[in-house]
Amino acid sequence: MENKKIKLRFPDGQEKEYPAGITGDELVKEIGARLAKEAIAVKINDQILELNRPITEDGDIRFLTFADREGREVFWHSSAHLMAQAIKRIFPRAKLGIGPPIEDGFYYDIELDRPITPEDFHRIEAEMARIVEADYPIVRKEWPREKAIEFFKNHHEDLKIELINDFPDEEVISAYSQGEFTDLCRGPHVPSTGRLGKHFKLLSVAGAYWRGDEKNKMLQRIYGTNYPKKKMLEEHLHRIEEAKKRDHRKLGRRLDLFSIQESIGNGLILWHPKGARIRRVMEQFWIEEHYQHGYELVYTPHVARLDLWERSGHTGFYRENMFPPMKMEEVEYQLKPMNCPFHITIYKNQLRSYRDLPIRLAEFGTVYRYERSGVLHGLMRVRGFTQDDAHIFCTPEQLTDEIVQVLDLVLYILQTFGFHEYDIFLSTRPEKFVGSLENWEAATAALEKALEVKQLAYTVDPGEGVFYGPKIDIKIKDVLGRSWQCSTVQVDFNLPERFDMEYIGADGKRHRPIMVHRALFGSLERFLGVLIEHYAGAFPVWLAPVQVIVLPITDRHHDYAQEIHNRLRGAGVRVELDRRNEKVGFKIREAEVQKIPYMLIVGDKEMDSQTVSVRHKGEGDVGRLKVEEFEARILHEIQLKK
RNA sequence: GCCCACGUAGCUCAGUCGGUAGAGCACAUCCUUGGUAAGGAUGAGGUCACCGGUUCAAAUCCGGUCGUGGGCUCCA
């Protein structure tokens with residue numbers, strides 16, 4: 001073994017020979033001090049190893065740092081252990097669940113007879129700092145199952161034993177020790193606790209079901225994060241602050257866009273005039289585009305007889321999401337959770353020919369769904385919301401092309417609203433499904449084909465489709481890089497079947513159409529919520545609820561200000577006039593706080609020259625313009641949807 | 001629904017050990033007519049979320065209900 005050599009290939013293509021059993025640490029030190037300092041783990045072929053583990057095989061080698069996603073995962077995973085060790089020191093009774101890395105940090109689930117509160121965080125953090133200071137080596141152990149079980153039994157780690165018992169027989173059981181602390185873990189980890197540095201912070205504590213199952217007991221999940229550099233931690237905390245500042249619930253109140261009130265009911269939205277303005281602009285734009293793209297708009301009621309929902313299958317598979325039915329004159333009615341049965345019924349109202357297809361029916365359909373109280377969240381998750389819903393009924397041959405057209409429309413609309421980055425998912429057949437395998441395959445192929453035609457990169461989400469068909473979900477990314485599920489395109493061959501939908505084909509025979517459900521905004525409530533956070537409430541001119549505010553300097557300028565106001569309003573601009581008895585500085589401040597894009601200041605000079613002094617939000621004074629010049633300028637911006 | 005925390009004026013928040021409430025902003029009235037992010041004075045505004053309990057006495061302690069927040073599960 002000692003004389004054996006291994007051949008390693010580095011990312012730059014260089015190959016070198018080393019004695020077998022050399023550790024990552026030894027190797028990286030040869031490469032350079034800087035990389036040695038930053039290295040977190042080493043990746044050989046597809047396996048990630050600790051830096052102190054001997055390397056025994058040939059292959060591609062790469063050192064992982066915090067810049068690599070996998071490197072961060074190791075770093076945060078070790079940080080979770082660090083926190084667990086500190087918690088065990090302070091609360092020896094605590095039992096450990098699992099503690100994985102997540103998107104930007106880590107958590108650990110623990111069972112403890114006393115709630116952990118944010119006040120405990122400082123104590124835990126201080127203990128973590130001591131453990132880092134001690135720089136314990138992190139040592140991997142591989143144990144036979146019995147030994148592992150015995151060890152965790154002795155340490156009263158019942159949850160760990162439960163995990164071990166569920167491991168497949170052939171699984172190698174490994175544990176990692178640092179100082180007095182040992183945790184069941186697959187690894188890998190950083191070589192010692194000192195490598196984790198001191199730029200960590202515990203962020204929050206929340207309940208979480210053991211193994212994610214609500215039938216199990218609830219554990220306490222403590223979230224934290226850790227960065228190799230102080231500046232990175234600060235940036236992360238700053239991002240959290242920034243997100244708080246953009247919170248649509250706060251901005252919604254401050255800008256008087258909407259409210260949710262106890263007296264109305266939770267999860268139900270009141271759109272105030274300014275929020276309604278934005279929503280109306282969205283709707284008008286959407287309606288125009290849909291007529292342009294061959295859709296027909298319809299209106300359908302908010303309730304329907306329960307029978308309809310029985311036929312559609314909703315009372316079976318969707319009941320737990322529906323409001324309870326109500327009875328009137330011996331007939332039961334149901335508040336609608338979806339719009340599809342109505343659109344189908346319109347389709348079925350006459351015999352359709354293949355020549356009529358595709359038929360595209362669209363509607364702002366307001367639906368009501370029962371959501372458990374704990375999941376409600378501002379505009380993002382509500383009980384009554386309006387979908388920009390449409391159903392396309394087409395022949396199998398038309399399917400791909402219809403989906404391509406939907407994708408075109410989705411991307412165009414999202415881009416218009418300022419979203420240029422997306423994550424696209426193709427969700428395939430779930431375990432519980434209806435319909436034939438051929439149908440599923442054909443539908444999935446049509447979705448794939450459409451994505452190929454559009455050259456869109458996507459991720460397959462296996463088994464995440466709806467029970468009636470596969471779907472494409474488009475998640476938009478906002479300015480802070482957070483992603484939001486809005487648009488969805490779903491193929492459905494279940495409902496056409498259930499409703500016995502037909503069209504007469506060229507062969508004179510009856511055929512079954514395919515149905516596509518699609519929503520671009522998804523829900524107007526959620527989309528507007530995302531929009532508020534994306535723009536931090538400072539909407540572009542075309543969307544701003546108030547586009548212009550006229551600010552007269554004294555009373556004697558009121559008539560002139562009124563004239564400008566009337567003129568702009570006549571031209572279709574959303575304009576307000578601030579006639580209050582306040583200094584102009586005060587009025588400007590208020591307009592800035594309200595995030596109004598344009599302020600027109602009018603005093604003697606403007607009155608004499610028939611001009612306005614234009615101040616743009618954020619930019620400050622941009623000089624004087626003739627009234628007609630300003631009007632042309634803002635109308636142009638609105639037209640360009642800027 | 002579950003775990004934890006929270007609920008005081010329209011908004012943001014003080015309120016110590018249990019002794020029936022306070023600020024700033026907003027609002028109203030008056031003064032001020034001021035040129036690019038807060039002029040001044042005065043005033044009004046509260047069943048301390050709701051229901052019950054303990055107590056001579058509850059915003060404060062206890063229980064329940066409703067709501068909100070952070071999560072879990074689920075989702076547009």
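Just so it is clear: chains get the letters A, B, ... in the order the sequence lines come, proteins before strands, and each one is counted from 1. Note that this is a predicted model, so its numbers are computed, not measured.
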Show me the pairs that pass salt bridge (Lys or Arg N to Asp or Glu O under 4.0 Å) and involve residues 254-277 of chain A, at least two apart or across chains. none
Within the 4.0 Å heavy-atom criterion, would you say [X] contacts the bases, only the backbone, or no part of the nucleic acid?
X: Gly207(A); result: base
X: Gly374(A); result: base
X: Val382(A); result: base
X: Gln485(A); result: sugar-phosphate
X: Val584(A); result: sugar-phosphate
X: Arg221(A); result: sugar-phosphate
X: Asn321(A); result: nothing

Return yes when atom [atom1] of [X] has more than 12 non-hydrogen atoms of other residues, nucleotides or ligands closer than 6.0 Å, and no otherwise.
X: Asp213(A); atom1: CG; value: yes
X: Arg580(A); atom1: CZ; value: yes
X: Glu320(A); atom1: CD; value: yes

[N] to [M] separation - [atom1] atoms, rounded to the nearest Å:
N: A14(B); M: A28(B); atom1: C1'; answer: 25 Å
N: U20(B); M: G15(B); atom1: C1'; answer: 14 Å
N: G24(B); M: C61(B); atom1: P; answer: 27 Å
N: G69(B); M: G52(B); atom1: P; answer: 28 Å
N: G71(B); M: U54(B); atom1: C1'; answer: 35 Å
N: U8(B); M: U47(B); atom1: C1'; answer: 12 Å
N: U68(B); M: C62(B); atom1: P; answer: 24 Å
N: G10(B); M: C6(B); atom1: P; answer: 23 Å

Side-chain polar contacts of residues 384-391 of chain A - donor-acceptor pairs under 3.5 angstrom, sequence neighbours left out - could you list them?
from, atom 1, to, atom 2, distance (Å)
Thr386(A), OG1, Arg279(A), NH2, 3.1
Thr386(A), OG1, Thr366(A), OG1, 2.8
Gln387(A), OE1, Asn339(A), ND2, 3.2
Asp388(A), OD1, Leu520(A), N, 3.3
Asp388(A), OD1, Phe521(A), N, 3.1
Asp388(A), OD1, Gly522(A), N, 3.0
Asp388(A), OD2, Trp286(A), NE1, 2.9
Asp388(A), OD2, Leu520(A), N, 2.9
Asp388(A), OD2, Phe521(A), N, 2.9
Asp389(A), OD2, Asn339(A), ND2, 2.9
His391(A), ND1, His343(A), ND1, 2.8
His391(A), NE2, His517(A), ND1, 3.2

Just wondering, do [Y] and [X] contact through their side chains at under 4.5 Å, heavy atoms?
X: Glu289(A); Y: Tyr295(A); value: no
X: Ile269(A); Y: Ile260(A); value: yes
X: Leu568(A); Y: Phe630(A); value: yes

To the nearest 0.5 Å, atom NE2 of His302(A) lies from atom OH of Tyr299(A) at 11.0 Å
Between [options], which nucleotide gets closest to the side-chain atoms of [X]?
X: Asp621(A); options: U36(B), U33(B), G1(B); value: U36(B)
X: Val593(A); options: A76(B), A37(B), G1(B); value: A37(B)
X: Ile553(A); options: G1(B), G35(B), A37(B); value: G35(B)
X: Arg372(A); options: C72(B), G70(B), U73(B); value: U73(B)
X: Arg526(A); options: G1(B), C75(B), A37(B); value: C75(B)

Write down the distance between [atom1] ([X]) and [atom2] ([N]), rounded to a whole number of angstrom.
X: Glu371(A); N: C75(B); atom1: CD; atom2: C1'; value: 6 Å
X: Lys217(A); N: C4(B); atom1: NZ; atom2: P; value: 15 Å
X: Ile474(A); N: C75(B); atom1: CD1; atom2: P; value: 19 Å
X: Asp604(A); N: G34(B); atom1: CG; atom2: C1'; value: 12 Å
X: Glu606(A); N: U36(B); atom1: CD; atom2: P; value: 12 Å
X: Ile588(A); N: G35(B); atom1: CD1; atom2: P; value: 11 Å
X: Lys605(A); N: U33(B); atom1: NZ; atom2: C1'; value: 16 Å
X: Glu111(A); N: C3(B); atom1: CD; atom2: C1'; value: 13 Å

Would you please indicate if the ring centroids of Tyr227(A) and Phe200(A) are separated by under 6.0 Å? no
Dump every N/O contact between nucleotides 38-40 of chain B and the protein below 3.5 Å, one line per pair.
from, atom 1, to, atom 2, distance (Å)
A38(B), N6, Arg589(A), NH2, 2.7
A38(B), N1, Arg589(A), NH2, 3.3

Do Lys595(A) and Phe539(A) form a cation-pi contact, if we require the NZ or CZ to be under 6.0 Å from the six-membered ring centre and within 45 degrees of the ring's axis? no
Using only heavy-atom distances, decide whether a donor-acceptor pair under 3.5 angstrom links the side-chain of Ser613(A) to the base of G35(B). yes
Taking only distance into account, with no hydrogens and no angle test, what donor-acceptor pairs under 3.5 Å do side-chain atoms of residues 418-425 of chain A form with protein atoms, sequence neighbours excluded?
from, atom 1, to, atom 2, distance (Å)
Tyr422(A), OH, Gln415(A), NE2, 3.2
Tyr422(A), OH, Phe419(A), O, 3.0

Tyr107(A) pairs by side-chain contact (heavy atoms from CB on, under 4.5 Å) with which of Ile102(A), Val205(A), Leu202(A)? Ile102(A)
So what does the secondary structure string of RNA chain B come out as, 5' to 3', with Watson-Crick or wobble pairs under 3.5 angstrom, [ ] for crossing and | for pairs with another strand? (((((((..((((.....[..)))).(((((.......))))).....(((((..]....))))))))))))....
Protein-nucleic acid N or O pairs under 3.5 Å, nucleotides 67-69 of chain B:
from, atom 1, to, atom 2, distance (Å)
G67(B), OP1, Asn266(A), ND2, 3.2
U68(B), OP2, Asn266(A), ND2, 3.3
G69(B), OP1, Arg249(A), NH1, 3.1
G69(B), O3', Arg249(A), NH1, 3.3

Which residue lies more 5' along RNA chain B, comparing Gln220(A) with Arg253(A) via nearest heavy atoms: Gln220(A)
Pairwise 5' ranking along RNA chain B for Gln387(A) and Tyr223(A), keeping only the more 5' one: Tyr223(A)
Distance-only donor-acceptor check, side chains Glu162(A) and Trp210(A), under 3.5 Å: yes
